[in-house]
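Okay, so here's the structure we're looking at.
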Amino acid sequence: MDYKHLIAENIKIEGFTTEEIEAFIEVPPTKEVGDYALPCFRFSKSLKKAPNMIASDLSQNFPKVSGIKSVECVGGYLNFKLDRDGFVKEIVQKVVAEGENYGKQNLGEGKTICIDYSSINIAKPFHIGHLSTTVIGAALYRIYKYLGYNVVGINHLGDYGTQFGKLIYAYKHWGDKAVVDRDGLKELTRLYVMYHEKAETDSSMDDEARAYFKKIETGDPECVELFNYFKKITLSEIDKIYKLLDVTFDSYAGESFYNDKMGPVIKELTDKGLLVESEGAMVVNLDEYDMPPCIILRSDGASLYATRDIAAAMYRKQTYDFDKCLYVVAYQQNLHFKQLFKVLELMDKPWAKDMVHVAYGMVSLESGSMSTRKGHVVLLEDVLNRCYEKALSIINEKNPNLEDKEKTAMDVGVGAAVFGMLYNNKIKDVVFSYDKVLNFDGETAPYCQYTVARCNSVISRANDVGEEIDWSKITVNEDEFNLCTILGTLPQQIESAATKYEPSYITRFAVELSKAFNKFYFDCKIISEDKNQSAYRLQLTKATRFALKRALNLIGVKTPEKM
Ligand code: ARG
């Protein structure tokens, strides 16, 4: 519940909007004064009235509002006290009644959202940067589903381009099937890096590589077979990571899927007079919109990334009839998506306005950044493994007798990496630090997971505590009230995460809720002699667990029973 908003909504001051009034509301230095206060000095000038007069008028006109116990004017302030007992009762009852489905809504009924995420490149290693698009996309996927949308998850595979020609060249010259079968993507990467090293001094290699690529396109059996072989190796490796992260897709239609779907795009662009020649290439001029031209066909007639994206957008509209189509792609591609959306708009597609580039920032490891070509890659698999190992060693130290330690370490290690990627506003660049994401006392997955386990343990030890609560005998304290104010915001946080394409609302909620619960846990005896109070505090613990588990589940973090 947003009290500032609730208060502001019930106050009318000429010349000020509800938002402005809300922004003026303060939290007084002590609770004796009130929970919130509106200083009336700033209205004095425009209302031509003394502040204490304004406060007194406002207090007389303030209606009876559920959740607010009293309104008083003191000096130039209007002070509000909340009906904490009523509020806490309402939240606890609501969350416990909704249980696992707390915060679920039907906002999206009848609406379809396509989400293009992960969209990895075949035959290239998955480095830590791929974790962002994968986990942001997957979180949005779950969030929209929870809000009742029909969601289509699309892995727009990068399975087209001259790099496949290069790889065929490298494989034919230096490759060995047995080694590729054994080492998979690692070996393909080695070959790819080798190609680039040698091609630096031998420019004829690029021509040959291009010729191989052309052969894939024209259906040469040997080249197509090799291409499919590379694709299979890549997909089976990434599949292991998707399984670990619990990420799924409804479609793997990648770039090559559109090979035979670009003819109509070219025709439509031509018919609409949008396609012009420029230095031998065919482009859509975007000068008027302060953008470089969008290249549709290269001078050798080959299509480009953008061409396939136009075909893909049209295909998605036709196939799924989406209400929105999201692209979870790093901000380096800002220009590409601006161009793409503009071209669709110029093609008179009314749905061009429903396309959204969900951009996110760069990820680097503490030790520096990386590039595929030179082979300085930090593999996602290695990152996740290291998180697992670190988690396992922490568990071995803290709780060596825990059952199922390996499984728990996996949930904690992977969860830590995922949570770390989703903690900040997604547009920010992040420096990934193992120690930071795995800090059990930090703003991390392990901290929240530990809090769930703590709730579990309280609940399992409370067998003989009843369910009935006599609310008239409950006096809510500061910790309980604080816990409930946070608990009550989950539905709003889920909605904000969806409308702003920002899973960090939920990640931060999980941390705030965990902090509030832990403070409550340390300050208050949950199970005591007082049966009624124990029942109430146990319900509060259950409500916390429902909300916390749900929040972590939405962002893709698992919650072990015990830790
Ligand atoms: N494969 C691309 C890359 O790694 C991302 C593709 C994003 N999706 C799209 N429809 N363009 O850069």
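Residues take their numbers from the sequence shown, with the count starting at 1. Read the numbers this way: they start at 1 and go in the same order the structure lists the ligands and their atoms.
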Check whether any N or O atom of [X], backbone or side chain, sits under 3.5 Å from an N or O atom of ligand 1, and answer yes or no.
X      : result
His130 : no
His336 : no
Gln333 : yes
Glu255 : no

Considering only heavy atoms of [X], which atoms of ligand 1 have at least one such atom less than 4.0 Å away?
X      : value
Tyr327 : 10 (N)
Asp116 : 7 (C), 8 (N), 9 (C), 10 (N)
Val329 : 7 (C)
Tyr305 : 2 (C), 5 (C), 6 (C), 7 (C), 9 (C), 11 (N)

Residue portion contacting ligand 1 (non-hydrogen atoms closer than 4.0 Å) for Phe337: side chain
Indicate, as side chain, backbone, both or neither, the part of Asp309 found under 4.0 angstrom from ligand 1 when only non-hydrogen atoms are considered. side chain
Salt-bridge present (Asp382, Arg386; N to O < 4.0 Å): no
Within the 3.5 Å criterion, strictly below it, is a donor on [X] or [Y] matched to an acceptor on the partner's side chain?
X      : Y      : answer
Tyr160 : Glu217 : yes
Asn425 : Tyr505 : no
Ser256 : Asp159 : yes
Asn155 : Tyr242 : yes
Ser433 : Asp435 : no

Can you tell me the protein heavy atom closest to atom 4 (O) of ligand 1 and the distance? Asn121 ND2, 3.1 Å
A quick test of your reading: do over 12 heavy atoms of other residues, nucleotides or ligands sit less than 6.0 Å from NZ of Lys405? yes
Is there a donor-acceptor contact under 3.5 Å from the side chain of Tyr141 to the main chain of Cys114? no
